[in-house]
Amino acid sequence: MADFKNTLNLPQTDFAMKANLSQSEPATLARWEAMGLYDRLERERANAPHFRFHDGPPYANGPIHVGHMVNKVLKDMVVRSRLMEGMRVPYTPGWDCHGLPIEHRVVGELVKKGKMKELDALPADIRRMAIRKACAADATKFIGVQAKGMQRLLTHADYAQPYMTMDPAYEAGTLQLFADLIEAGLVFRQLKPVHWSVANRTALAEAELEYEEREDPSIWVDFESSDAAAVAKAFGLESLDARPSFMIWTTTPWTLPANLAIAVGPTYRYALVRMDGSETILATDLLAKVKAAVGAENVEVLAETDGVKLVGLAYRHPFCEREGRVIGGEHVTLEDGTGLVHTAPGHGDEDWRVGLREGLRAYCPVRDDGTYDDTVPEWLRGVNIWDANAMVIRRLTESGHLVHHVMFNHSYPHDWRSKTPVIFRATEQWFIGVDRAMKQGGHTLRQLALEAVESKVRFVPEWGRNRLRGMLESRPDWCLSRQRAWGLPIPAFSLPDGSTFLTPASVRAVAEVVKQRGSDAWFTETPATLLAGYDPAKDPAAPKGLQVASLEKLFDIFDVWFEAGSSWNSVLRARGQGVPAELYLEGSDQHRGWFQLSLLPALGATGAPPFKSLVTHGFVVDRDGRKMSKSLGNALEVEDLLKEFGAEVCRWWVSGLAYENDIRMDKAFLTAAGEAYRKIRNTLRFLLGNIGDLPKGDVVKEAMATDPASLDGWALAELARVQGEVRDAFTRHAFREAHQTIFDFCNDTLSSVWCAAAKDRLYCDRADAPRRRQTQRVMRLAAESLCRLLAPVLPHTADEAFRSMHGPEVCVHLASHLNFSFTAHAGWPAAMTARAAALKALEEAKARGVENPLDAGLTLPDPDGALKPFAADLADLCGVSRVKLDPAAKSVIVTDLREAPRCERSRRRDESVRPRADGVPLSDRDAEAVGAA
RNA sequence: GCGCCAGUAGCUCAGCUGGCUAGAGCACGCCCCUGAUAAGGGCGAGGUCGAAGGUUCGAGUCCUUUCUGGCGCACCA
């Protein structure tokens, strides 16, 4: 039998079927780097419309994890899809460098190496510098590791010039912003209870807390009233034999030395009871609960009264030499306890607030190391508060004040890194006030922020608005200061009289020094040097008679969130990229983090938000829906995934996520993504393989000459529609829609319908036959367009295909979308419906022995002639040898052509097949193609 | 405790302002092709739309309650 294989125009391409991603991706990366792709785009697009996108700084701690991967790939699809729209997209990646986690680990290592003892012996400045140097090295190391990982994900960004919060220029920008906020009247220093990590001797931000189960004592204590007669009067009694007590409940016995008051709910009912022989007072509604809790046997109610009547009564502190008062408090609940709340303004936020109102001081007898100072009774001085719990209980037991004592488990805030329990402790801290009227305009930050959230920012998904609003409504003043070494110093000084010196001008002067020498200067230089550029005479805010030489440096550093939150200023503004950014895109946890803490400083300094839209994504969880994190040890390693699947497959997976929800992750999902990737790759390969011999020409223009009634016209219209939908989806950040549309186009429109149908003409028509050329021209446009549509998701593969078409010196990422539209014959949907019916009929014919569609002929019912315009393509479209249209037919008729002659070249049983001169049966078309008579 | 989100075929997800026998892809089963070949094509099976009430001529889609999972916030004196 004659072999016609080498007379066919079979696909030919250097675009390999096997992607070999883990090897070829790094090569692509190196190529982009060598050609200076980022800078080149910046140059070429200098005057193009500008898309401002701002990268939130990840913390430079450890290698990248799956969460980083999702975040960075989502961002990259934003960047690359805008680039493909022809825009200029400067994109500076950044890192958060300072902060406790790094310092904690570094110090831990110093301790392990035994170096910490030497350091502790050094002067404070020198010790801090040693720690800072080690921290800086640590941060630098991980920035390198992370940058490499992020680049390996094929993300497009200015990795040559990233921003780092520890850069001198960045630090100076942060300080200048701080000066603006001081000027706006938002910064103040105040004694306030804050979450205090005893282990790290520092105040913690809300974001640095973790709630964990912990066992604590739960005690009921009688506080003896000072004046029995007054109590009797409050209950409407004539007199009382014994001196009654106020029963309080607490789970932190160690805070009792700081007790200054008892709070009651003014509207609640309180009962005077005789409980197992002693008279005590507690909320009526809690009587039964307390009786059960403390195991009291005999309880007799003597009288009842309203809480408000108790306000003002005095009691004796059970072991300190002082009296306290009963006060009213709206925060008192009848959930737990006795309805009488032990109040220590130095150890609790609500206590402190009530205390402010009642004129109580924020008394805090606990030192930064968690031990008592000398203002407490002698037996407690120098004692660690956790040890004090038992001592206090013993003391109360001995003195007869303790009613009951049990141990119980509850959720308690812990320092997120050291995992040790946190306490509330009043200290001098720097704050940004959210309820202070600003000098300009008189609004508060909270008002401005709520207004911005309400009407000035877009949210994707929309419910982010509620979320941020809720947080802003309830957030307290922002505690800016930390008592650590690794961070940007708050450039405040103390004066000889103990007061604090910090003005906008002094901060700006220090900022200049920091800009030159970095924040290390604060530790290595004298106040005089730091303030060399400062002239008290020109500073209206300077204290009278200020002597710079008499100043001493203070050593608080900034909350790292303030540094990260000033990135719009230190990056977008400082680098001339402009504010506000079009978009911030981060995990939904950043509602309380970066989003909020960028918004507040920006509003304080400029009055406007630093972003126009906020897009958030959920967290990556494992197959069972559990959070994936390093600390839980159930995380998949990005490095392994890249090795096993390649960045492109990972990116394809990310592009298909419903990212606003939690993101379930399993290797099986990546395997599936890999299958989809191969499908797309093979489809692209088929297109590339079939257009190699097409003479060069205007890609769009030539395709536009396609016959709208031809199958190619149908495919072209589909292509135009898909391109429009995908581009629109990208601009809406609806990556999943784009992903779906691209896949369906490749899988269905191309692979299953068009490519399958076009095979015959592509392979068997004479190479330059007009019919074949038309198909090729549309295929070429499809390939060109597809490369561009895929570029944001599969930057490597898109570039590989593009180079396969245009040669090794080009890059798809320098290109932008082709603009075209095309309308096919309006009858195509009906033709496709007819095709579906035909395929079903063919399936049924298999039972009768017609298993190969090329052994079949079809008679399609066409009552109104709707199929006539497509007659030429119907056989190919259905994969059969012949199609007849019959206005009278009721349903599809499959004709068995197994006895009909078969063309040896095309394998079709066409009507025109007949033996040629050499006796070989060929159809007319094939005979012509090989020049046979 | 409060707020928010999700719960549709084995898996990942569509189903807009309520309206024909609830869709897609993957996976699965059977079959074809062997000239995209560690490819390609066809057909098929598969769902009480978390549960229970209610509104309606009609509800996956609206209301109420409830269960499960997740996230956030608060409280823990």
Trainee: In terms of side-chain heavy atoms of A:N747, which of B:A36, B:C32, B:C26 is nearest?
Mentor: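 Within the option list, the nearest is B:C26.
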
Trainee: Below 4.5 Å, heavy atoms only, C-beta onward: do A:W352 and A:F424 meet side chain to side chain?
Mentor: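 Side-chain contact under 4.5 Å: no.
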
Trainee: Other residues, nucleotides and ligands only: do more than 12 of their heavy atoms fall within 6.0 Å of CD on A:Q12?
Mentor: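 Atom CD in A:Q12 is not crowded, with 12 or fewer foreign heavy atoms closer than 6.0 Å.
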
Trainee: If you assign A:D744 and A:C764 each to the RNA chain B nucleotide with the nearest heavy atom, which residue ends up on the more 5' nucleotide?
Mentor: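 In this pair, the answer is A:D744.
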
Trainee: Do A:R685 and A:T13 have side chains that get closer than 4.5 Å, going by heavy atoms?
Mentor: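 Of all side-chain heavy-atom pairs linking A:T13 with A:R685, at least one is under 4.5 Å.
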
Trainee: Between B:C73, B:C26, B:C32, spot the one nearest the side chain of A:R592, thanks.
Mentor: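 Ranking B:C73, B:C26, B:C32 by closest atom to the A:R592 side chain puts B:C73 first.
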
Trainee: If we count only N and O atoms by modelled type, under 3.5 Å, do the side chains of A:D351 and A:T343 hold a donor and an acceptor together?
Mentor: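 Checked: A:D351/A:T343 side chains show no N/O donor-acceptor pair below 3.5 Å.
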
Trainee: Which of these nucleotides, B:G72, B:A27, B:A38, is closest to any side-chain atom of A:M471?
Mentor: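 Of the options given, the side chain of A:M471 lies nearest B:G72.
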
Trainee: Give each protein N/O atom lying under 3.5 Å from an N/O atom of nucleotides 9-14 of chain B, with the pair distance.
Mentor:
{"residue": "B:C13", "atom": "O4'", "partner": "A:R736", "partner atom": "NH2", "Å": "3.2"}
{"residue": "B:C13", "atom": "O2'", "partner": "A:R736", "partner atom": "NE", "Å": "2.8"}
{"residue": "B:C13", "atom": "O2'", "partner": "A:R736", "partner atom": "NH2", "Å": "2.2"}

Trainee: Does the B:A36 base have a donor-acceptor partner in the side chain of A:T13 within less than 3.5 Å?
Mentor: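 By the distance-only test, no, there is no pair.
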
Trainee: Using side-chain heavy atoms (C-beta onward) and a distance below 4.5 Å, is A:P217 in contact with A:I393?
Mentor: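 With C-beta onward as the side chain, the pair touches.
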
Trainee: Give A:L839 one of three labels, base, sugar-phosphate or nothing, depending on what nucleic acid heavy atoms sit under 4.0 Å from its own.
Mentor: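 Answer is sugar-phosphate: A:L839 comes under 4.0 Å of backbone atoms only.
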
Trainee: From C-beta outward on A:K679, which listed nucleotide comes closest to its side chain: B:C32, B:C43, B:G40?
Mentor: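 Minimum distance to the A:K679 side chain belongs to B:G40.
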
Trainee: Looking only at atom C1', what distance separates B:A22 and B:G60, rounded to whole Å?
Mentor: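 My reading of the C1' atoms in B:A22 and B:G60 gives 8 Å.
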
Trainee: Which whole number of Å gives the distance between the P atom of B:A14 and that of B:G53?
Mentor: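 Each nucleotide's P atom is 28 Å from the other's.
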
Trainee: Among B:C26, B:C71, B:C33, which is the nearest nucleotide to the side chain of A:S588?
Mentor: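 Ranking B:C26, B:C71, B:C33 by closest atom to the A:S588 side chain puts B:C71 first.
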
Trainee: Taking the side chain as every heavy atom from C-beta outward, state whether A:V793 and A:H739 have any atom pair closer than 4.5 Å.
Mentor: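 A:V793 vs A:H739: side chains apart.
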
Trainee: So, does A:K18 get its side chain near the phosphate of B:A38, meaning an N or O under 4.0 Å from OP1 or OP2?
Mentor: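 Looking at the OP1 and OP2 atoms of B:A38, neither is under 4.0 Å from any side-chain N or O of A:K18.
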
Trainee: If you look at every strand shown and take non-hydrogen atoms under 4.0 Å, does A:P413 touch a base, only sugar-phosphate, or nothing?
Mentor: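 Answer is base: heavy atoms of A:P413 come under 4.0 Å of a base.
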
Trainee: Do side-chain atoms of A:Y268 reach the backbone of A:V332 as a donor and acceptor pair under 3.5 angstrom?
Mentor: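 Present.
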
Trainee: Checking all strands, does A:R681 fall into the base, sugar-phosphate, or nothing category for heavy-atom contacts under 4.0 angstrom?
Mentor: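 No contact.
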
Trainee: Among B:G35, B:C43, B:G72, which nucleotide has an atom closest to any side-chain atom of A:K840?
Mentor: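 Side chain of A:K840 sits closest to B:C43.
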
Trainee: Taking the side chain of A:E843 as its heavy atoms from C-beta onward, which of B:C43, B:C32, B:A36 lies nearest to it?
Mentor: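 Minimum distance to the A:E843 side chain belongs to B:C43.
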
Trainee: Which is true for A:N682 with a 4.0 Å heavy-atom rule: it touches a base, it touches only sugar-phosphate, or it touches nothing?
Mentor: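 If one applies the 4.0 Å heavy-atom cut-off, A:N682 turns out to touch a base.
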
Trainee: In terms of the nearest nucleotide of RNA chain B, which residue is placed more toward the 5' end: A:W249 or A:R685?
Mentor: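 The residue whose closest nucleotide sits nearer the 5' end is A:R685.
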
Trainee: Does a side chain donor of either A:S923 or A:D926 reach within less than 3.5 Å of an acceptor in the other side chain?
Mentor: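 Indeed, the side chains of A:S923 and A:D926 share at least one donor-acceptor pair under 3.5 Å.
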
Trainee: Measuring from the side chain of A:K5 (C-beta onward, heavy atoms only), which nucleotide among B:C71, B:G35, B:C76 has the closest atom?
Mentor: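 My answer, after comparing the listed nucleotides, is B:G35.
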
Trainee: Roughly how many Å apart are B:G15 and B:G23, using the C1' atom of each and rounding to a whole number?
Mentor: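 The same atom, C1', in both gives a distance of 7 Å.
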
